[in-house]
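Could you have a look at this structure, given as structure tokens, before my questions?
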Amino acid sequence: MKIKNICCIGAGYVGGPTMAVIAQKCPEINVTVVDINENRIAAWNDEDVNNIPIYEPGLSEIVAEARDRNLFFSTDVDEAIDKADMIFISVNTPTKTYGIGKGMAADLKFIELCARQIARVAKSDKIVVEKSTLPVRTAQALKNILENTGNGVNFQILSNPEFLAEGTAVDDLLNPDRVLIGGDIDSTEGKEAVSSLVEIYANWIPKERILTTNVWSSELSKLTANAFLAQRVSSINAMSELCEKTGADVNEVAKAVGMDSRIGSKFLKSSVGFGGSCFQKDILNLVYISKSLGLNEVADYWEQVILMNDHQKRRFAANIVKTLFNTVSGKKIGVLGWAFKKDTNDTRESAAIYVTDYLLNEQAEITVYDPKVKAEQVYADLDYLNSRPEEENRKRVKVVNSPYEAGDKAHAVAVLTEWDEFVELNWDDIYKNMLKPAFLFDGRRLLDRKEKEKIGFEFYAIGN
Ligand SMILES: NC(=O)C1=CN([C@@H]2O[C@H](COP(=O)(O)OP(=O)(O)OC[C@H]3O[C@@H](n4cnc5c(N)ncnc54)[C@H](O)[C@@H]3O)[C@@H](O)[C@H]2O)C=CC1
Ligand SMILES: O=C(O)[C@H]1O[C@H](OP(=O)(O)OP(=O)(O)OC[C@H]2O[C@@H](n3ccc(=O)[nH]c3=O)[C@H](O)[C@@H]2O)[C@H](O)[C@@H](O)[C@@H]1O
């Protein structure tokens, strides 16, 4: 079946960029991205394409090309569902904050609402594609909801997890290592549905990189990929602590280990801890699923990846306190970087939030600079932790527009996101305006130790 109209429910970090690229590469398909968040849709439709709600290198150019040609953003979810032959579900699947599975399981209420809405609105056959990251066997639940509507509509359910990373979303979408499509490959209808999605991607991706599997393998592969990636970061971070105690340098160790082609060099960069909306949530979900199936050893194995990450954030913050003569009370500390990695304005689960919270508990005064994150976001992230009254966060955390202001009269500066511009700063000037001794903590292995020590900094870097 040739797809003419696509609807994507959820105009977030995945729905927006993914659909923009499909629209760009398939001008004959109409793509409508819908969301219940009116502000988000208004921003996607903003006349000035630089104001779209998600910052990703190269994205605004693609949106500018396709928007209002065959790419549309709307809040009219029913209409878009009704028109579509294929519906992507790309809504958020956060960790549950209540009830059974609280703090572990994925909250599937948004997914279920989408399924019920599709069931209610659909008058013609549809292919429903799981784009969100979901627990293995979610497709079964979707099928039950969709097939019990009794209005004679046929649904095929596919799993097509997304592997893009933020900051490189456009590149990842244009040139993915693989695209994964899971479907009911034992039935003719299932095979047809799979091949109609394969044909869309084949417009720009070589067919040998489009992998088809059964639905359960596809769902589980997504959780597995994130667990493996996060595990590599926790593994190298565990070694970073050992390096600090023994005179080894974690960068040298990572290079030596990564040159073994069986291990590979990517994703071995030690840091203040991984953040982002997915690693923690997806591993917790994996732990929950394993426990639910009675697989306690499997659950414990993966949980350790999270425990190590929590430890890394905490020990970085604790080291600041210890180094500043065991107290940061009333001391100004400049935080450079709030996003969970460079080239994104996303701050979800960013290590900076937790390090700052720790330092605030030690009564520090914090000044934050991030080139892409707005002040309201910084406060919202801290308020969300509920560690202190909201007014206190506003009183003790200042968000500034320049890295130099963050360092001005500070006792210490901590680099928490690896923004390129931090390498190029005039560190002599920052040093001059700081209190002495001037402490510099590099949570990203971004800065050159020798250079900084020559300027006069007391320098601390993860794993060195
Ligand atoms: N952020 C990332 O880099 C990646 C995320 N994922 C997965 O993709 C999914 C979406 O993630 P993000 O795009 O980051 O989330 P997001 O929170 O940025 O976007 C989700 C959007 O869905 C909307 N929404 C929720 N319920 C709705 C409903 N019933 N009707 C219409 N709109 C609704 C929300 O308003 C929100 O704008 C998650 O399952 C995530 O695990 C997968 C790969 C990468
Ligand atoms: O499911 C998802 O949401 C996505 O999660 C990650 O993408 P993302 O979180 O956007 O960014 P990553 O580049 O993976 O970085 C995650 C965190 O790990 C940290 N990291 C990464 C790599 C590394 O070597 N060291 C390290 O500390 C980053 O700084 C960041 O805080 C995966 O890389 C994507 O494949 C996946 O689609």
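All residue numbers in this chain count up from 1 along the given sequence. This is a predicted model, so every value here is computed, not measured. Just follow the structure's listing: the first ligand is 1, and inside any ligand the first atom is 1. For the numbers below, each heavy atom of this structure counts, side chains included, while hydrogens, waters and symmetry mates do not.
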Exercise for the section: May I ask you to check if ligand 2 and E418 share an N or O to N or O distance below 3.5 Å? Expected result: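 Between E418 and ligand 2, no N or O pair is found under 3.5 Å apart.
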Problem - Protein heavy atom at shortest distance from atom 5 (O) of ligand 2 - result: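 In this structure, atom 5 (O) of ligand 2 has F279 CE2, 3.6 Å as its nearest protein heavy atom.
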Handout entry: Short N or O distance, G275 and ligand 2, threshold 3.5 Å exclusive
Key =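 Yes, there is a polar N/O contact under 3.5 Å.
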Exercise for the section: Output the list of atoms in ligand 2 that are nearer than 4.0 Å to some heavy atom of L164, sorted by atom number. Expected result: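 Contacts of ligand 2 toward L164, numbered from 1: 4 (C), 34 (C), 35 (O), 36 (C), 37 (O).
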Exercise for the section: State whether a side-chain donor-acceptor pair under 3.5 Å links N175 with R209. Expected result: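 Side-chain D/A pair, N175 to R209: present.
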Practice task
Would you mind checking which non-hydrogen protein atom is closest to atom 18 (O) of ligand 2, with the distance to 0.1 Å?
Solution key: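 Result: F274 CB, 3.2 Å.
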Practice task
Kindly indicate whether the side chain of N45, heavy atoms from C-beta on, has any atom under 4.5 Å from the side chain of I41.
Solution key: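 In short, these two side chains touch, coming nearer than 4.5 Å.
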Handout entry: E244-Y460 side chain donor-acceptor pair, cut-off 3.5 Å
Key =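 Side chains of E244 and Y460: pair found under 3.5 Å.
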Problem - Under-4.0 Å salt bridge between E162 and K131 - result: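 Salt bridge between E162 and K131, a charged N being under 4.0 Å from a carboxylate O: yes.
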Exercise for the section: Name the option, out of S271, A169, G443, that contains the heavy atom nearest to atom 27 (O) of ligand 2. Expected result: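 Shortest heavy-atom distance from atom 27 (O) of ligand 2: S271.
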Problem - Test item, Q117 contacting ligand 1 (heavy atom, 4.0 angstrom) - result: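 So Q117 does not count as touching ligand 1.
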Problem - Atoms in ligand 1 with a heavy atom of F110 nearer than 4.0 Å - result: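 Numbered from 1, ligand 1 contributes 26 (N).
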Handout entry: Element-labelled atoms of ligand 1 that are located less than 4.0 Å from some non-hydrogen atom of S277
Key =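 Answer, ordered by atom number: 1 (N).
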Handout entry: Subset of ligand 1 atoms that lie under 4.0 Å from at least one heavy atom of K281
Key =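 The list of qualifying atoms is 40 (C), 41 (O).
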Exercise for the section: Answer side chain, backbone, both or neither: which part of I236 comes under 4.0 Å from ligand 2, heavy atoms only. Expected result: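 Within the 4.0 Å criterion, I236 makes no contact with ligand 2.
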Problem - Which residue and heavy atom of the protein sit nearest atom 35 (O) of ligand 2, plus the separation - result: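 Nearest neighbour among protein heavy atoms for atom 35 (O) of ligand 2, to 0.1 Å: F163 O, 2.7 Å.
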Problem - Carboxylate-amine/guanidinium proximity below 4.0 Å for K342 and D420 - result: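 So K342 pairs with D420 through a salt bridge.
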Practice task
Please report which non-hydrogen protein atom sits nearest to atom 23 (C) of ligand 2, along with the residue it belongs to and the distance in Å to one decimal place.
Solution key: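 Of every protein heavy atom, K269 O, 3.6 Å lies nearest to atom 23 (C) of ligand 2.
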Exercise for the section: Answer yes or no: does an N/O atom from G276 fall short of 3.5 Å to an N/O atom of ligand 2? Expected result: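 Min N/O separation from ligand 2 is not below 3.5 Å for G276.
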Exercise for the section: Please report which non-hydrogen protein atom sits nearest to atom 3 (O) of ligand 2, along with the residue it belongs to and the distance in Å to one decimal place. Expected result: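 Result: C278 SG, 2.7 Å.
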Handout entry: N226 neighbourhood, listing ligand 2 atoms whose heavy-atom distance to it stays under 4.0 Å
Key =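 Numbered from 1, ligand 2 contributes 1 (O), 2 (C), 5 (O), 32 (C), 36 (C).
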Problem - Atom indices of ligand 1, in the order listed, that fall short of 4.0 Å to a heavy atom of R40 - result: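 Counting from 1, the qualifying ligand atoms are 16 (P), 17 (O), 18 (O), 19 (O), 36 (C), 37 (O).
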Practice task
Please could you name the atoms of ligand 1 that Y13 approaches to less than 4.0 Å, counting only its heavy atoms?
Solution key: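 Result: 1 (N), 12 (P), 13 (O), 14 (O), 18 (O).
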Problem - Close-contact set for ligand 1 against K222 heavy atoms, below 4.0 Å - result: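 Atoms satisfying the 4.0 Å criterion: 43 (C).
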Practice task
For ligand 1, indicate whether the residue I9 contacts it via side chain, backbone, both or neither (heavy-atom separation under 4.0 Å).
Solution key: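 Side chain only; the backbone of I9 stays clear of ligand 1.
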Practice task
Give yes or no for whether the N/O distance cutoff of 3.5 Å, strictly under, is met between E166 and ligand 2.
Solution key: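 By distance alone, the answer is yes.
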Practice task
Indicate, as side chain, backbone, both or neither, the part of R348 found under 4.0 angstrom from ligand 1 when only non-hydrogen atoms are considered.
Solution key: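 It is the side chain that gets close, since no backbone atom is under 4.0 Å.
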Handout entry: E47 and R67 ion-paired at < 4.0 Å
Key =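 A salt bridge is absent here (no side-chain N lies under 4.0 Å from a carboxylate O).
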Practice task
Report yes if some N/O of T93 lies less than 3.5 Å from some N/O of ligand 1; otherwise report no.
Solution key: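 Yes: some nitrogen or oxygen of T93 is under 3.5 Å from one in ligand 1.
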Problem - Among A165, G167, A352, closest by any non-hydrogen atom to atom 7 (O) of ligand 2 - result: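 Of the listed residues, A165 has the closest heavy atom.
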Exercise for the section: Look at ligand 2 and say whether T133 reaches it with a heavy atom at a distance under 4.0 Å. Expected result: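 No, T133 has no heavy atoms under 4.0 Å from ligand 2.
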Problem - Contact (N/O only, under 3.5 Å) between S90 and ligand 1 - result: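 Among all N and O atoms of S90, none is under 3.5 Å from an N or O of ligand 1.
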Problem - Polar contact flag for T133 and ligand 1 (N/O pairs, less than 3.5 Å) - result: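 Yes - when backbone and side-chain N and O of T133 are compared with those of ligand 1, one distance drops under 3.5 Å.
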Practice task
Measure C278 to ligand 1 on non-hydrogen atoms and call it side chain, backbone, both or neither using the 4.0 Å cut-off.
Solution key: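 For C278, the contact with ligand 1 is made by the side chain alone.
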Practice task
Name the orientation class of the two ring planes belonging to W204 and Y201 (parallel below 30°, tilted from 30 to 60°, perpendicular beyond 60°).
Solution key: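 The arrangement is tilted - the two ring planes meet at 30° to 60°.
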Practice task
Would you check if there is a donor-acceptor pair between the side chains of N37 and D35 at a distance under 3.5 Å?
Solution key: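 There is no such pair (donor and acceptor under 3.5 Å, judged by atom type) between the side chains of D35 and N37.
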Handout entry: Option from N92, D107, T93 for which side chain to side chain donor-acceptor pair (under 3.5 Å) with K281 holds
Key =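 It is T93; the other options fail the test.
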Practice task
Would you mind telling me if ligand 2 is within reach of the side chain of E162, the backbone, both or neither, using heavy atoms under 4.0 Å?
Solution key: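 Contact part for E162 vs ligand 2: backbone (N, CA, C, O).
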Practice task
Below 4.0 angstrom from a heavy atom of L268, which ligand 2 atoms are there? Numbered from 1 as shown, please.
Solution key: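 Listed by number with element: 24 (O).
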Exercise for the section: Could you establish whether K222 and ligand 2 come within less than 4.0 Å of each other, counting only heavy atoms on the residue side? Expected result: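 Flag set, K222 near ligand 2.
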Handout entry: Taking atom 20 (N) of ligand 2 as the reference point, the nearest protein heavy atom with its distance
Key =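 The closest one turns out to be V233 CG2, 4.0 Å.
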Exercise for the section: Mark up the atoms of ligand 1 that fall under 4.0 Å of a heavy atom belonging to E166, in ascending order. Expected result: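 That gives atoms 1 (N), 2 (C), 3 (O) of ligand 1.
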Problem - Winner among R232, R444, K341 once heavy atoms are compared against atom 11 (O) of ligand 2 - result: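 Nearest option to atom 11 (O) of ligand 2, by heavy atoms: K341.
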Practice task
Quickly, which of I127, L158, T212, I3 forms a side-chain contact (heavy atoms from CB on, under 4.5 Å) with L197? Name it, please.
Solution key: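 One option only clears the test, and that one is L158.
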Handout entry: Shortest protein contact, atom 14 (O) of ligand 2 (heavy atom only)
Key =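 Looking at atom 14 (O) of ligand 2, the protein heavy atom closest to it is F267 CZ, 3.1 Å.
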Exercise for the section: Look at D82 together with K123 and state whether they make a salt bridge at an N to O cut-off of under 4.0 Å. Expected result: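 K123 and D82: salt-bridged.
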Handout entry: Electrostatic pair D346-K341, nearest N-O below 4.0 angstrom
Key =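 Salt bridge absent between D346 and K341.
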Handout entry: F72 ring center near W44 ring center (under 6.0 Å)
Key =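 Between F72 and W44, the centre distance exceeds or equals 6.0 Å.
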Exercise for the section: Distance to 0.1 Å, residue and atom name: give those for the protein heavy atom nearest to atom 9 (O) of ligand 2. Expected result: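 The closest heavy atom on the protein side is F340 CE1, 3.4 Å.
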Problem - Interfacing atoms of ligand 1 (cut-off 4.0 Å, heavy-atom, L164) - result: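 Near L164, meaning under 4.0 Å from one of its heavy atoms, ligand 1 has 3 (O), 44 (C).
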Exercise for the section: Give the single entry among D172, D35, I36, D346 that approaches atom 21 (C) of ligand 1 most closely by any heavy atom. Expected result: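 Selected option, by shortest heavy-atom distance: D35.
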